[in-house]
Enquirer: 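I'd like to ask you about the structure that follows.
Note that these values count all heavy atoms, side chains included, but never hydrogens, waters or copies made by symmetry. Remember, it's a predicted structure, so these values are computed and weren't measured experimentally.
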Amino acid sequence: MSEKFEQISIKPGFMKHNGGLLFRTISENEYEFKTIIKENHLNAAGITHGGFIAAIVDAGAGTAAHRATDNNPCVTISLELKFISPINLNQELVGTTKIQKKTKSMVFLTCELKTENKIVATASGVWKKLKLSGAGPGG
């Protein structure tokens with residue numbers, strides 16, 4: 001659906017502070033996000049910090065849930081990560097998120113993180129669609 005990535009980290013906060021995240025919609029149920037690993041993303045061993053990887057997945061997959069629910073705000077209910085390979089300085093990290101199931105209030109999804117076409121982490125999670133007061137019928 002979208003050839004170009006857009007910067008989604010435009011408001012001040014954690015993700016913008018850490019370099020931001022680029023995002024695009026592939027289809028109704030598939031999304032991509034990416035970033036470049038910088039020095040401030042590394043741990044003491046010189047590889048990308050697991051907490052940063054978790055934050056990237058949370059932000060990218062959370063944005064996918066948001067888009068999949070017609071731009072309703074969503075919050076993370078659960079996130080399971082599996083770290084497979086190290087990610088090094090200056091590598092481009094690309095995440096692909098697939099919506100597995102949507103209900104009225106929940107989004108279930110999976111995510112693969114790759115660098116140089118090699119899977120470096122996988123994730124699955126559940127996001128809850130928030131009900132905003134004053135929104136919708138009877139709101």
Side-chain angles (χ1 to χ4, degrees):
M1 290 174 93
S2 174
E3 292 295 314
K4 287 187 167 187
F5 282 88
E6 64 176 294
Q7 177 59 255
I8 59 170
S9 306
I10 52 176
K11 293 182 181 176
F14 181 79
M15 289 309 302
K16 185 173 183 178
H17 173 76
N18 281 292
L21 192 63
L22 299 171
F23 187 91
R24 73 176 176 167
T25 300
I26 303 295
S27 71
E28 182 182 339
N29 291 314
E30 192 170 354
Y31 304 85
E32 260 187 347
F33 55 92
K34 68 181 181 177
T35 193
I36 302 286
I37 301 304
K38 299 180 179 141
E39 271 192 61
N40 61 310
H41 303 141
L42 304 180
N43 62 19
I47 58 175
T48 305
H49 193 286
F52 181 71
I53 295 167
I56 289 294
V57 171
D58 191 39
T63 300
H66 169 73
R67 300 277 171 97
T69 60
D70 298 320
N71 295 320
N72 281 286
C74 296
V75 294
T76 311
I77 297 297
S78 71
L79 181 59
E80 180 183 343
L81 280 162
K82 291 183 175 40
F83 301 100
I84 298 167
S85 299
I87 306 158
N88 299 308
L89 182 64
N90 297 322
Q91 286 187 307
E92 182 178 62
L93 186 59
V94 179
T96 303
T97 299
K98 292 181 182 174
I99 306 299
Q100 300 298 323
K101 181 179 179 176
K102 284 190 296 185
T103 68
K104 281 177 131 178
S105 63
M106 307 287 262
V107 178
F108 301 80
L109 54 79
T110 56
C111 183
E112 281 186 352
L113 287 178
K114 292 183 178 180
T115 187
E116 299 169 6
N117 280 329
K118 181 173 122 182
I119 296 174
V120 294
T122 60
S124 62
V126 181
W127 270 256
K128 178 154 181 64
K129 178 178 161 183
L130 295 180
K131 292 179 184 171
L132 298 178
S133 61

Enquirer: In Å and rounded to the nearest 0.5 Å, what is the OG1 to NE2 distance from T48 to H41?
Expert: 8.5 Å
Enquirer: What closest approach, in Å, do L113 and G95 show between heavy atoms, and which atom pair accounts for it?
Expert: CD2-CA, 3.5 Å
Enquirer: When you group the ILVMFWY residues by side-chain heavy-atom contacts below 4.5 Å and let the links chain together, are I77 and L130 in the same group?
Expert: no
Enquirer: Please report, to 0.1 Å, the donor-acceptor pairs under 3.5 Å made by any side chain of residues 118-126, with sequence neighbours excluded.
Expert:
none

Enquirer: Would you give the length of the straight line joining atom NZ of K114 to atom CG of L93, rounded to the nearest 0.5 angstrom?
Expert: 12.0 Å
Enquirer: Can you name the nearest heavy-atom pair linking A61 to F33, along with the distance?
Expert: N-CE2, 4.0 Å
Enquirer: Please check: side-chain N/O of T115 versus main-chain N/O of Q91, any donor-acceptor pairing under 3.5 Å?
Expert: no
Enquirer: Taking H66 for its side chain and N72 for its backbone only, find out whether a donor-acceptor pair lies under 3.5 Å.
Expert: yes
Enquirer: Applying the side-chain contact (heavy atoms from CB on, under 4.5 Å) test to C111, which of T96, L81, T97, I56 qualifies?
Expert: T97
Enquirer: Give me the atom names and distance for the closest heavy-atom approach of C74 to T69.
Expert: SG-OG1, 3.5 Å
Enquirer: Is there a path of hydrophobic side-chain contacts, each under 4.5 Å between heavy atoms of I/L/V/M/F/W/Y residues, joining Y31 to L21?
Expert: yes
Enquirer: What pairs of residues pass the side chain to side chain donor-acceptor pair (under 3.5 Å) test when at least one of them lies in residues 73-89, not counting sequence neighbours?
Expert: D58-T76, T76-W127, E80-K82
Enquirer: Testing the basics here: between L79 and V57, what is the closest heavy-atom pair and its distance to 0.1 Å?
Expert: CD1-CG1, 3.9 Å
Enquirer: Would you kindly confirm whether I87 and L42 end up in one hydrophobic cluster when ILVMFWY residues are joined by side chain heavy atoms under 4.5 Å apart?
Expert: yes
Enquirer: Counting N and O atoms only, with roles assigned by atom type, does the side chain of K102 sit under 3.5 Å from a partner on the main chain of A68, one being a donor and the other an acceptor?
Expert: yes
Enquirer: Is any side-chain heavy atom of F83 closer than 4.5 Å to a side-chain heavy atom of I53?
Expert: yes
Enquirer: Less than 4.5 Å apart, any side-chain heavy atom of F52 and any of N40?
Expert: no
Enquirer: Just do the side-chain contact (heavy atoms from CB on, under 4.5 Å) check on K129 and V107 with the steps written out, would you?
Expert: CA-CA 7 Å; K129 178 178 161 183; V107 178; 5.7 Å; no
Enquirer: Of all the heavy-atom pairs spanning K4 and R24, show the shortest one and how long it is.
Expert: O-CB, 3.4 Å
